[in-house]
Undergrad: 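Dropping a structure here in structure tokens format, bear with me for questions.
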Amino acid sequence: MQFTDLKTQYAALKSRIDERIQRVLDHGQYIMGPEVAEIEEALAAFTGSKHCITVASGTEALLIALMALDLKPGDEVITTAFTFAATAEMIVLAGGTPVFVDIEPDTCNIDVSLVEARITAKTKAIMPVSLYGQVPDIDEMNAIAARHGLAVIEDAAQSFGAVYKGRRSCGLSTFGATSFFPSKPLGCYGDGGALFTDDDALAQAAREIRVHGQSARYHHTRVGVGGRMDTLQCAVVLAKLERFEWELERRAEIGARYQRLLEGIEQVAVRADRNSVWAQMTVMVDRRDAVQAALKAAGIPTAVHYPRPLNEQPAYAQWHSACPASSRAAARVLSLPMSADLADADQDRVVQALRRALT
Ligand SMILES: Cc1ncc(COP(=O)(O)O)c(C=O)c1O
């Protein structure tokens, strides 16, 4: 059993993916070819955003968003302590200071009730993360940001396709930033990502930053990066997009089936006014190392997202603030195999092995 089954997906889409890749090889525009604009148009429409700017990765999307917002040294960005390193890493790399806020113990998403108390004169933006595929309380976050004149960047690396109060993740705030890392809900076959915004000036800034700050060829109006997503990866996402609605339905069905089968075992909660695209299907267990070892012995791959909150990581400890719910989650979370092609029989095997390991 695989943790994320990309082989079955490729088998189902082989002719469309191969055809799309061949078309790029035939026209030869490997950088900024026609598939780049095509996928940007399709993804903007999908998320209900005015602009989509494809970029080299989800990490690059966060960096370019912060650069477009003109983050200055010393500016503070409020974010969650319980996330992948890239979130805080890009804040630091862009010259900012991460301000870590704790999570809700049940959803593992940033606790919005703790955000306003951490705003200072230096705060520039709030960067919530839609962890495991579920958007946090972003309307409340947007309201706080509006009161204080701040931007909100949704780190939507794990939540492309998720619905929040009838709207799509990525199209909910100043910027949405997603990742097309192969194992993400919508993935390519390498690195890729995208930024979304309704703001014309920010979209223009992001487009320029993506190509070394050029507003015209060799006319560098700002400092940028080499941050493009290559044409072949855009072609792969275009092919995968054809089956994406079906995959979202399957993910919802498999997620709901997991929730039923796992009854009695603590799971990440999903709020009633939104869904999860189940980038990860995560449970909380005591004696996690022993449980994980027992599952491994039974042939079930698992993963831990993440074993330590960022404020406790050596590179970020200087910005430490007490985040007890994050620390507790980091000690107990365990992600189970999940993908749109997960078979019922395999899912049954996962849950049986987990129940055995917990007794
Ligand atoms: C929450 C979060 N932010 C950012 C990223 C970075 O995305 P990428 O791997 O495409 O650079 C990831 C990817 O794992 C992520 O999970």
Side-chain angles (χ1 to χ4, degrees), residues 1-21 46 57-58 84 130-134 156-162 169 178-193 232-262 265 267-268 270 275-283 285 291-306 333-357:
M1 193 184 312
Q2 297 165 75
F3 185 67
T4 311
D5 180 4
L6 295 176
K7 286 190 181 151
T8 307
Q9 184 196 48
Y10 178 57
L13 287 168
K14 184 176 181 345
S15 64
R16 297 298 293 136
I17 290 174
D18 291 1
E19 200 179 296
R20 278 278 186 186
I21 288 175
F46 182 86
S57 66
F84 180 59
S130 298
L131 198 75
Y132 302 147
Q134 175 183 202
Q158 301 181 11
S159 62
F160 192 82
S169 171
T178 199
S179 163
F180 303 124
F181 187 83
S183 59
K184 296 292 193 238
L186 181 63
C188 57
Y189 288 154
D191 277 311
L232 278 169
Q233 299 305 341
C234 290
V236 171
V237 178
L238 276 165
K240 289 203 190 181
L241 203 55
E242 293 178 19
R243 194 177 91 134
F244 189 55
E245 291 282 4
W246 176 85
E247 289 194 5
L248 286 177
E249 277 171 35
R250 281 300 295 145
R251 281 180 172 278
E253 285 163 9
I254 294 166
R257 190 164 186 272
Y258 254 134
Q259 286 178 310
R260 277 197 310 277
L261 294 173
L262 291 166
I265 298 170
Q267 307 169 32
V268 170
V270 179
N275 70 3
S276 174
V277 287
W278 304 113
Q280 308 301 339
M281 165 51 70
T282 305
V283 294
V285 297
V291 173
Q292 190 170 28
L295 287 170
K296 189 174 177 201
I300 312 285
T302 58
V304 174
H305 306 99
Y306 298 91
V333 289
L334 186 67
S335 300
L336 307 176
M338 179 71 200
S339 51
D341 295 293
L342 182 64
D344 284 0
D346 284 338
Q347 203 180 6
D348 291 341
R349 254 192 346 112
V350 172
V351 177
Q352 280 158 15
L354 178 62
R355 287 203 181 278
R356 258 199 312 277

Undergrad: What distance do Y132 atom OH and S335 atom OG have between them, rounded to the nearest 0.5 Å?
TA: 5.5 Å

Undergrad: Find the distance between CZ (R16) and CD (E242) and round it off to the nearest 0.5 Å.
TA: 4.0 Å

Undergrad: Does V350 reach the side chain of M1, with side-chain heavy atoms less than 4.5 Å apart?
TA: yes

Undergrad: Does any part of the side chain of Q158, heavy atoms only, come nearer than 4.5 Å to the side chain of L131, both counted from C-beta?
TA: yes

Undergrad: Nearest 0.5 Å, please: how far is CD in E253 from CG in L342?
TA: 12.0 Å

Undergrad: What is the minimum heavy-atom distance between I300 and A353, and which atoms define it?
TA: CG1-CB, 4.0 Å

Undergrad: When rounded to the nearest 0.5 angstrom, what distance separates CD1 in I17 from OH in Y189?
TA: 3.5 Å

Undergrad: Is any side-chain heavy atom of L334 closer than 4.5 Å to a side-chain heavy atom of T282?
TA: no

Undergrad: Can you check whether A235's main-chain N or O pairs, donor with acceptor, with R20's side chain at less than 3.5 Å?
TA: no

Undergrad: Is there a side-chain contact between Y258 and Q267 in this structure, where contact means two heavy atoms from C-beta onward sitting under 4.5 Å apart?
TA: no

Undergrad: Working to the nearest 0.5 Å, report the span between CG of D344 and CZ of R349.
TA: 13.5 Å

Undergrad: Strictly distance-based, threshold 3.5 Å: is any side-chain N or O of Q280 a donor or acceptor partner for the main-chain N or O of L336?
TA: no

Undergrad: Kindly say whether A279 contributes a backbone atom to a donor-acceptor pair with the side chain of K184 at under 3.5 angstrom?
TA: no

Undergrad: Is there a donor-acceptor contact under 3.5 Å from the side chain of T178 to the main chain of A156?
TA: yes

Undergrad: Should the pair F244 and F160 be assigned to parallel (<30°), tilted (30 to 60°) or perpendicular (>60°) ring geometry?
TA: tilted

Undergrad: Indicate whether the side chain of S169 and that of S159 have a donor and an acceptor atom separated by less than 3.5 Å.
TA: yes

Undergrad: Please name the pair of heavy atoms, one in P185 and one in V277, separated by the smallest distance, quoted to 0.1 Å.
TA: CG-CG2, 3.9 Å

Undergrad: Go through the steps for E245 and F46 under the test side chain to side chain contact (heavy atoms under 4.5 Å, CB included), then give the verdict.
TA: CA-CA 10 Å; E245 291 282 4; F46 182 86; 3.5 Å; yes

Undergrad: What pair of heavy atoms forms the shortest contact from C188 to G192, and how long is it?
TA: SG-N, 3.9 Å

Undergrad: R243 and A12: which non-hydrogen atoms are nearest, and at how many Å?
TA: NH1-CB, 3.4 Å

Undergrad: Let me confirm one number: the CG-CG distance from L261 to L354, rounded to the nearest 0.5 Å.
TA: 11.0 Å

Undergrad: Just do the side chain to side chain contact (heavy atoms under 4.5 Å, CB included) check on L186 and L241 with the steps written out, would you?
TA: CA-CA 8 Å; L186 181 63; L241 203 55; 3.9 Å; yes

Undergrad: Should L6 and S339 count as side-chain neighbours, where that means a heavy-atom distance under 4.5 Å?
TA: no

Undergrad: Is there side-chain contact between Y10 and D18, with at least one heavy-atom pair below 4.5 Å?
TA: yes

Undergrad: Give a yes or no on whether the backbone of I254 and the side-chain of Q347 come within a donor-acceptor separation of less than 3.5 Å.
TA: yes

Undergrad: Which word best sums up how the rings of F84 and Y306 line up, parallel for under 30°, tilted for 30 to 60°, or perpendicular for over 60°?
TA: tilted

Undergrad: Can you check whether K240 reaches E247 side chain to side chain, under 4.5 Å on heavy atoms?
TA: no

